[in-house]
Structures are given as structure tokens and as C-alpha cells.
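Single-structure report; data block below.
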Number of protein chains: 2
Amino acid sequence: MEFSSKLLENAVSEMSQLPGVGKRTALRLVLHLLRQPEHQTVQLAEALSKVRAEINFCKSCHNISDKEICEICENPHRNEELICVVEDIRDVMAIENTSSFRGLYHVLGGKISPMDGIGPQDLNITSLVEKVKLGKVKELIFAMSPTMEGDTTNFYIFKQIQDYNIKTSTIARGVAAGNELEYTDEITLGRSIVDRIPFEASLKL
Amino acid sequence: MEFSSKLLENAVSEMSQLPGVGKRTALRLVLHLLRQPEHQTVQLAEALSKVRAEINFCKSCHNISDKEICEICENPHRNEELICVVEDIRDVMAIENTSSFRGLYHVLGGKISPMDGIGPQDLNITSLVEKVKLGKVKELIFAMSPTMEGDTTNFYIFKQIQDYNIKTSTIARGVAAGNELEYTDEITLGRSIVDRIPFEASLKL
């Protein structure tokens with residue numbers, strides 16, 4: 001791509017560093033900004049610089065937070081004996097959206113993935129084990145995505161804490177609400193039969 | 001979407017102003033930046049602010065340029081009697097890529113589209129008519145996209161300049177290289193038969 005302006009070329013090249021944004025999309029986005037009032041670009045640039053420079057992670061659960069301790073960890077109405085272990089902040093947002101969980105979270109910041117060079121030392125696992133050692137936590141819920149890496153991460157943490165007197169659970173895997181059995185993959189369908197629950201229990205949800 | 005951080009919420013909201021970027025994508029992009037070294041975000045923010053603040057349009061053809069007159073208009077080896085009228089800078093880049101055109105461009109900055117509230121006065125049409133009036137230009141090539149709005153814009157400009165002694169042409173419409181006739185739409189195929197060219201002429205390309 002030949003650009004008629006160095007400034008434009010530079011902006012497009014920086015924009016195309018973002019995941020899923022190619023040169024063409026980057027050009028489209030930059031040209032869009034050029035057509036908008038200047039304050040929109042200024043605000044975007046400032047918001048990005050600011051979030052990157054001043055971002056803070058909760059000292060306790062590693063969730064993104066503007067304060068030392070995030071609002072969830074600080075909330076006295078939440079059950080601190082129950083900790084939900086998730087991969088990243090988007091999972092916290094997804095679970096919070098369900099309004100079904102009143103415990104605390106622990107954000108690992110990724111999952112063990114040797115293919116991507118991510119080992120246990122790159123994740124917030126030590127601080128989780130420390131929490132368990134303190135003895136206040138009664139149950140850990142593993143809420144990683146049901147993938148090979150997610151399962152590996154769950155198992156690694158389980159090994160680290162199995163000697164402590166603590167309950168561990170994993171989120172249920174089964175047929176999603178509204179899905180047709182016919183189109184559900186065999187692994188999910190198989191597990192949903194093995195992990196079946198009493199019908200009365202299902203009525204409570 | 002509930003955010004645990006105002007800074008993050010702000011960055012995501014600014015990012016999702018971009019066309020085709022929803023809240024989820026914006027969050028993914030911002031979280032990506034947070035995982036990268038800080039200088040990447042700084043460079044992106046600076047490049048965007050800079051291109052928006054210092055962007056310059058060629059006084060002659062309205063192409064984006066770092067100088068008063070762009071490199072194409074300035075080039076003495078280009079034929080200034082031949083002007084290709086395009087919608088925006090991306091079209092200039094696309095045509096330049098073909099290396100098939102040695103004339104100059106005129107960037108309208110859009111197309112007449114009453115549905116979007118864009119009339120002739122919003123485009124760089126007056127300066128094009130002025131160029132024609134000066135008498136140096138021998139031919140205008142209309143290279144707008146073959147849509148209703150493109151055709152309307154072509155026709156509007158044609159009306160403005162038809163009293164001057166100037167040739168006008170439009171880029172050929174026909175079956176694209178490598179395309180199967182069977183899958184070509186009827187309008188294109190029909191025009192390609194009406195606008196057929198001598199076989200010997202086609203051998204020269």
C-alpha cells in the first residue's frame with residue numbers, strides 16, 4: 001500500500017497492530033476519524049493513553065480496578081468463602097451479568113498454554129494458593145473455558161491445593177439453553193447425561 | 001456491560017465509536033493494548049492525534065498530503081491534461097496500484113447521496129469545474145463506484161462542464177478478470193456485451 005502522506009501511513013500502521021485489524025480496515029478507521037470532528041480523535045487518544053498509563057489491578061483478585069481493592073472484593077455482602085477462578089476480566093463481567101454468583105473472583109490473567117509459551121508462573125496462581133493456605137476459603141469454583149488449556153489450568157491449580165481442606169467444583173457443562181439436542185456435539189451431550197441432575201433441582205433455576 | 005473501572009469503560013466507549021467496532025470488540029482491543037508494552041499504546045495515541053491535527057489536503061486535487069501540493073500533482077512527468085475524478089483517497093491508492101494511469105486525480109471527498117444528506121455543495125466539485133474552465137484539462141475520467149450515487153455524481157458533474165470543450169469518459173464496466181460468466185450479474189454481463197471492444201484492442205492489455 002502506497003500512502004500519499006507519512007502521517008497517514010504511520011497512523012494506519014499503528015492501528016493495524018491491533019488484533020484482527022488489517023491494513024485496509026486500519027485505513028478505513030483512520031479515514032473515518034479524519035472525517036469526524038477533531039475532538040473525537042483527541043478523546044480516543046487520551047482515553048487509550050490514560051487507561052494504559054493508570055490502569056490498576058485489584059491487589060486481591062487481580063481484576064481491573066481504579067482502586068487498590070476492587071468493588072467486588074470490598075463489598076461486605078459478598079461471600080468471601082467462595083472464590084470463582086476465571087481466566088480474565090471478561091469472564092468476571094460475563095458471570096456478574098448473570099447475577100447468579102455472590103462470592104468473590106480470582107482472575108488468573110490467562111491459561112496454561114505451552115504452545116503460546118504461557119506457564120503457571122505467568123499466571124496469578126501463587127496468590128490464589130496463598131489465599132487458600134490462609135484457610136478462609138471454603139470452595140473454589142473453576143470457571144475456565146472448557147478447552148484443553150482450561151482443563152490443564154484447572155488441574156494444575158487442583159494439584160497445588162488438594163492437600164488443604166477445601167471443596168473444589170467446576171461449572172456445569174451441558175446443553176445450552178435453547179439449543180437443539182440434535183445439533184449439540186457428542187462430548188457435551190455425553191457429559192450432560194453423565195452429569196445429569198435431579199429433576200426437582202432443575203425446577204429451582 | 002458493567003465495568004469494574006471507569007478508565008476502562010471510557011476507553012471502550014471511545015473505541016466503540018469507530019465504525020464496525022462494537023462494545024465487545026472494543027473491549028477486546030483495549031484489553032489487548034493493556035497486555036502489550038505501554039509504548040505501543042502511546043505510539044498509537046500519538047499517531048492518531050497527530051494525523052488528525054496535522055492532516056493536510058492537496059490544494060489542487062484534495063488528496064491527503066503532507067505538503068501544500070501532493071506528490072502526484074507536483075510530478076512533472078504526469079499528464080495534467082487528463083484528470084481522473086474519484087470518490088476518496090482509497091480510490092487514488094487503488095488506481096495508483098495498477099500503474100495504468102499517468103494523469104492527475106481529483107478527489108471529491110464523497111458522492112452525492114440525498115439519503116445521507118450529502119449534496120453537491122459538500123463535495124469538491126466547484127474546484128473541479130474551475131480547473132475545467134481554465135482550459136488546460138482535455139479529458140475527465142469519471143471513476144466513481146458503479147452505484148446509483150456514483151452515477152448521480154457523475155451526471156451532476158457532467159452537466160456542470162458539458163458546455164466546455166472537454167472529453168469525458170467513464171471507467172469500463174464489464175466482467176472482472178478471472179470471473180466466470182455464469183456467476184456474473186445480468187447488468188454487468190449485459191453492459192459488457194453492449195460495450196464490447198475490438199478483439200485486437202483487447203490483446204494489447
Side-chain angles (χ1 to χ4, degrees), chain A residues 1-15 17-21 24-25 27-56 58 63-67 70-72 88-90 92-93 96-97 109-110, chain B residues 1-15 17-21 24-25 27-56 58 63-67 70-72 88-90 92-93 96-97 109-110:
Chain A
M1 236 187 233
E2 283 264 358
F3 289 91
S4 57
S5 153
K6 276 273 161 227
L7 289 173
L8 180 68
E9 181 167 11
N10 194 21
V12 169
S13 131
E14 289 294 335
M15 202 71 157
Q17 306 272 320
L18 293 173
V21 179
R24 268 162 183 271
T25 308
L27 178 60
R28 189 166 54 81
L29 296 178
V30 173
L31 289 180
H32 170 84
L33 285 175
L34 289 177
R35 277 193 297 267
Q36 301 300 309
E38 187 165 345
H39 69 84
Q40 188 178 331
T41 309
V42 172
Q43 281 169 4
L44 170 63
E46 272 176 9
L48 291 179
S49 313
K50 213 167 154 159
V51 74
R52 186 64 188 83
E54 298 175 18
I55 195 71
N56 201 31
C58 171
N63 191 3
I64 289 178
S65 163
D66 291 341
K67 293 181 285 180
C70 75
E71 281 176 20
I72 296 175
D88 82 6
I89 164 192
R90 277 178 289 180
V92 174
M93 289 165 74
E96 281 298 286
N97 260 344
Chain B
M1 233 187 234
E2 282 265 1
F3 288 91
S4 56
S5 153
K6 276 273 161 229
L7 289 173
L8 180 67
E9 181 166 12
N10 194 21
V12 169
S13 128
E14 288 296 334
M15 203 71 158
Q17 306 272 319
L18 294 173
V21 178
R24 267 160 184 273
T25 308
L27 178 61
R28 190 167 54 83
L29 297 178
V30 173
L31 290 179
H32 170 84
L33 285 174
L34 289 177
R35 277 193 298 268
Q36 301 299 309
E38 188 165 345
H39 69 85
Q40 188 178 329
T41 309
V42 172
Q43 281 170 4
L44 171 63
E46 273 177 9
L48 291 180
S49 313
K50 214 168 151 140
V51 75
R52 187 65 189 81
E54 298 176 20
I55 197 71
N56 202 29
C58 171
N63 192 3
I64 290 178
S65 162
D66 291 341
K67 293 180 286 180
C70 75
E71 281 176 21
I72 297 176
D88 83 6
I89 163 191
R90 278 177 290 181
V92 174
M93 290 167 72
E96 281 298 284
N97 260 345

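It should be emphasised that the depicted structure is a prediction, and the values quoted were computed from it without experimental measurement. In what follows, every chain begins at residue 1, and chains take the letters A, B, ... in the order their sequences are listed.
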Would you mind telling me which of A:A11, A:C70, A:C58 has the largest number of heavy-atom pairs within less than 4.5 Å of chain B? A:A11
Out of B:A47, B:A45, B:S5, return the one with the most heavy atom pairs under 4.5 angstrom to chain A. B:S5
Highest number of heavy-atom pairs under 4.5 Å with chain A among B:I72, B:L29, B:N97, B:V92 belongs to B:L29
Heavy-atom pairs under 4.5 Å with chain A are the metric here; pick the option from B:P19, B:A53, B:S65 that has the most. B:P19
Counting heavy-atom pairs closer than 4.5 Å to chain B, which one of A:S13, A:G20, A:P37 comes out on top? A:P37
Identify which part of A:I89 has an atom lying under 4.5 Å from any heavy atom of chain B, answering side chain, backbone, both or neither. side chain
Of all of A:R28, A:E96, A:R24, A:E71, which one pairs up most often with chain B through heavy atoms under 4.5 Å apart? A:R28
Quick one: of A:L34, A:L18, A:L48, who has the most non-hydrogen atom pairs under 4.5 Å with chain B? A:L34
Quick check for you: to the nearest 0.5 Å, what is the distance between A:L7 atom CG and B:D66 atom CG? 4.5 Å
So, do B:V42 and A:S49 sit near enough that their side-chain heavy atoms are less than 4.5 Å apart? no
Partners passing side-chain contact (heavy atoms from CB on, under 4.5 Å) against A:Q40 (at least two apart in sequence or in another chain): A:H32, A:L33, A:Q36, B:Q17
Using heavy-atom distances under 4.5 Å, tell me whether B:D88 contacts chain A through its side chain, its backbone, both, or neither. side chain
For B:N10, give me all partners under side chain to side chain donor-acceptor pair (under 3.5 Å), at least two apart in sequence or on another chain. none
Mark yes or no for whether A:S4, through its side chain, and B:I64, through its backbone, hold a donor-acceptor pair below 3.5 Å. yes
Looking at chain A, which one of B:K67, B:M15, B:Q43, B:E14 has the largest number of heavy-atom pairs inside 4.5 Å, strictly under? B:E14
Pair count under 4.5 Å, heavy atoms only, with chain A: among B:V12, B:L44, B:L27, highest is B:L44
